[in-house]
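Each remark here refers to the structure printed beneath this line.
In what follows, every chain begins at residue 1, and chains take the letters A, B, ... in the order their sequences are listed. Because the structure is predicted, anything quoted here is derived from the model rather than measured. Quick note: numbers below take in every heavy atom, side chains included, and nothing from hydrogens, waters or symmetry partners.
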Amino acid sequence: MVKNSPDNTEKKKSLNFIQQIIEKDLAEGKNEKRVHTRFPPEPNGYLHIGHAKSICLNFGLAEKYNGLCNLRFDDTNPLKEDVEYVDSIKEDIQWLGFDWEDREYYASDYFQQLYEWAIKLIMDGKAYVDDLDQEDFAKNYRGTVNTPGKPSPYRDRSIEENLELFEKMKKGEFPDGSKVLRAKINMASPNMLMRDPALYRIKHASHHRTGDKWCIYPMYDYAHGQSDYIEGITHSICTLEFDIHRPLYDWLLEQIVDTKYRPHQYEFARLNLSYTIMSKRKLLQLVQEKYVSGWDDPRMPTISGLRRRGYTPESIRYFADKVGVAKRDNVIDVALLEHSIREDLNKKAQRLMAVLDPVKLVIDNYPDSETEELEAVNNPEDESMGKRKVPFSKELYIERKDFMEDPPRKFFRLAPDREVRLRYAYIIKCVSVEKDDEGNINTIHCTYDPETKSGTGKAQRKVKGTIHWVSADHAIDAEVRLYDRLFNNEDPNETEEGKDFTSNINPDSLNIVQGKIEPFIKDAEAGDKFQFERTGYFCVDKDSSEKLVINRTVPLRDSWAKKNQ
RNA sequence: UGCCCGAUGGUGUAAUUGGCAACACGUCUGACUCUGGAUCAGAAGAGUCUAGGUUCGACCCCUAGUCGGGCAACCA
């Protein structure tokens, strides 16, 4: 029962590389020994399981080291961002179980400060207004990864002129794209990002928070580190593709920091999941082109999709923990995600019997009008969940797959002349089958042995198999949505020539069946989770109305099915 | 061809910082079971990208290479 052996209890978990850095910083007394992280989503899409990893990392670190973690919306591009996304992001983080308390920040809150610092940069001769348009600059000045760039003809404008032009940019006197404010760094740097990166661009667009107050907007690089500094962030954690930005992050900070405190950026490898797409852009495409029903389609790797699918916050946090944090590219097996939810739900989920592919079974020697209330265990893993009554009668439904006319050797279920136990009920024996004109089985006839009722201990014999069932007259009908992976290819981006990832979509990712469920389910509400015995974990979908709609979260492990595949 | 990052069983992550590789998932056995679930017991599977070097000793340090990823948005 107890997992930790006595000599094992002391075993401390090894630290990931970020924790090692933090512990070193703490030991050296850096930043007044504070740990302050932030989760900085751009509100331009829904959060997905990859963000969950980052959320768990950032909030988890703060928790572990008695620090704080801010929520900061990186909303510097009004064209792509929207309040719809702000709201969904907040909901998802809260649902995951993390609390930013009163520290809900927006990069847009800092626009004024950022603007003032930009003026300081100009006055220090570290920034200039460039009239080159995007195309011209890219083609004739930036250079390439192999060749150095060269200075813009506007690079050496006087401070006064720069100040004046920047002021006019702010006042809206120039059209979009006609001018940018650039940092004056090094056009020959081997790091392209250091070749006089744009700090501000003109966008006459209304922002979801600042409205029309601004028509110049800071770029990510300029906003991010300075925002970290404003908020007192100590460890600014982002994904690997930003490592090349770090010199710029540091350079920009150096221009304004006059304290001993200074934030530092660290990069870790983003999460990749097999059979899953993680790009926000592609997820948006799936939504827009109606490959899925929305951002919260249960097949989506979004947090809202996983939630609707029946995943619990605990299971996702467990998953994030198991996945680890490192710097090398990785592809996590979806099986680990599935393991995470099974692990959690096995301990928590109410058990029920439900038949998803019903075939009628009649117990010939059972009294016509009788109904028994049989006792069933709600969760064998948790006695405190108690027991319930399940109605039993002459006519039942069982799973089509649980009967075979001509069974193979190791088939333990029902077959002509064979015995099987009906879970929580009796041992029955198949005596005959009825078929329709096409030869499909209509009805299975059995006899039962009244001496073998569950719990009486009177059964004189053991049977190999136990199957689930539902009483025909008492069953509740439900639409059951059986979900499978959205993509057929382990790497959905690996496609044939000329095709895109949508060509890898699994046409059978959703299979809808009409199931029969024991009456217990009748009062269930959206989000309620169950284990249908021998079948899988399920939850009630929000689409339920008079008729229940049930989502399959994940099937149970099935060694019989595996053996036969 | 430039710069940056990385490389440990099938997949991830470790190895308390130089003392002959551990944990998890997955896979396979077996036991148990009124869920072919769960649980329990066990097994297979890497000699740490390659080649040199330092060292009594290298996954760890050095050198050179190989492979993989990233970088040339007025995106983040």
At less than 3.5 Å, do the side-chain atoms of A/Q531 and the base atoms of B/rU35 form a donor-acceptor pair? yes
Atom CD of A/E28: over 12 foreign heavy atoms under 6.0 Å: yes
Suppose you measure atom C1' in B/rU27 against the same atom in B/rU11; what distance do you get, rounded to whole Å? 12 Å
Kindly confirm or rule out a cation-pi arrangement of A/K203 over A/Y217, judged by NZ or CZ under 6.0 Å from the six-membered ring centre and within 45° of its axis? no
Within the 4.0 Å heavy-atom criterion, would you say A/Q20 contacts the bases, only the backbone, or no part of the nucleic acid? base
What integer number of Å spans the P atoms of B/rG9 and B/rC60? 15 Å
Donor on one side chain, acceptor on other, A/Q350 and A/N378, under 3.5 Å: yes
Taking only the side-chain nitrogens and oxygens of A/Q265, find out if one of them lies under 4.0 Å from OP1 or OP2 of B/rC4. no
Measuring only the C1' atom in each nucleotide, how far is B/rG30 from B/rG36? A whole number of Å is fine. 15 Å
Given the P atoms of B/rU63 and B/rC5, what is the spacing between them in whole Å? 13 Å
Please encode protein proximity along nucleotides 70-76 of chain B as a string of B, S and -, counting only heavy-atom distances under 4.0 Å. BBBSBSB
Looking at the side chain of A/E533, which of B/rG36, B/rG2, B/rU35 is the nearest nucleotide? B/rU35
If I pick the C1' atom on B/rG45 and the same atom on B/rG37, what distance separates them, to the nearest angstrom? 27 Å
Who pairs with B/rA58 - Watson-Crick or G-U, where each distance is under 3.5 Å: none
Between the protein and nucleotides 26-31 of chain B, which nitrogen or oxygen pairs come in under 3.5 angstrom?
residue : atom : partner : partner atom : Å
B/rU27  : OP1  : A/K562  : NZ           : 2.4
B/rU27  : OP2  : A/R557  : NH2          : 3.1

Let me know which of A/K429, A/R413, A/R461 forms a salt bridge (Lys or Arg N to Asp or Glu O under 4.0 Å) with A/E419. A/R461
Do A/R270 and A/D329 come within less than 4.5 Å of each other through their side chains, counting heavy atoms only? no
Contact class for A/G455 (heavy atom, under 4.0 Å): base, sugar-phosphate, or nothing? base
Mate of B/rG36 where both pairing distances stay under 3.5 Å, Watson-Crick or G-U: none
In whole Å, what is the span from the CG atom of A/N330 to the C1' atom of B/rG10? 15 Å
Who pairs with B/rA24 - Watson-Crick or G-U, where each distance is under 3.5 Å: B/rU11
When you match A/R351 and A/G324 each to their closest nucleotide on RNA chain B, which lands nearer the 5' end? A/G324
Scan A/R182, A/R157, A/K184 and name whichever one has a side-chain hydrogen bond (donor to acceptor under 3.5 Å, both in side chains) with A/D130. A/R182
Select base, sugar-phosphate, or nothing to describe what A/R246 touches, counting heavy atoms under 4.0 Å on all strands. nothing
Touch class at under 4.0 angstrom, heavy-atom based, for A/V331 against every strand present: sugar-phosphate
Determine whether the side chains of A/E338 and A/Y311 contain a donor N or O and an acceptor N or O closer than 3.5 Å. no
B/rG65 and B/rG57: how far apart are their C1' atoms, nearest whole angstrom? 25 Å
Check: A/F166 ring centre within less than 6.0 Å of A/Y200 ring centre: yes
On a whole-Å scale, what distance lies between the P atoms belonging to B/rG12 and B/rC20? 26 Å
Which is true for A/F411 with a 4.0 Å heavy-atom rule: it touches a base, it touches only sugar-phosphate, or it touches nothing? base
Would you measure the distance from the C1' atom in B/rG52 across to the matching atom in B/rA14 and give it in whole Å? 28 Å
Side-chain N or O of A/S559 less than 4.0 angstrom from OP1 or OP2 on B/rG37? yes
For B/rG6, measure the glycosidic angle (O4'-C1'-N9-C4 for a purine, O4'-C1'-N1-C2 for a pyrimidine) and name it syn if it falls within 90° of 0, otherwise anti. anti
Rounded to the nearest angstrom, tell me the gap between atom CG in A/L273 and atom P in B/rC25. 17 Å
What's A/K280 touching, base or sugar-phosphate or nothing? Going by heavy atoms closer than 4.0 Å. nothing
Ring of A/Y141, cation from A/R155 - is the NZ or CZ under 6.0 Å from the centre and inside 45° of the axis? no
Pick one for B/rU39: is it syn, with its angle within 90° of 0, or anti? anti
A/W214 ring center near A/Y115 ring center (under 6.0 Å): yes
Name the pairing partner of B/rC71, where a pair is Watson-Crick or G-U wobble with both distances under 3.5 Å, or state none. B/rG2
Between A/F392 and A/W469, what is the ring plane arrangement, given parallel below 30°, perpendicular above 60°, and tilted in between? perpendicular
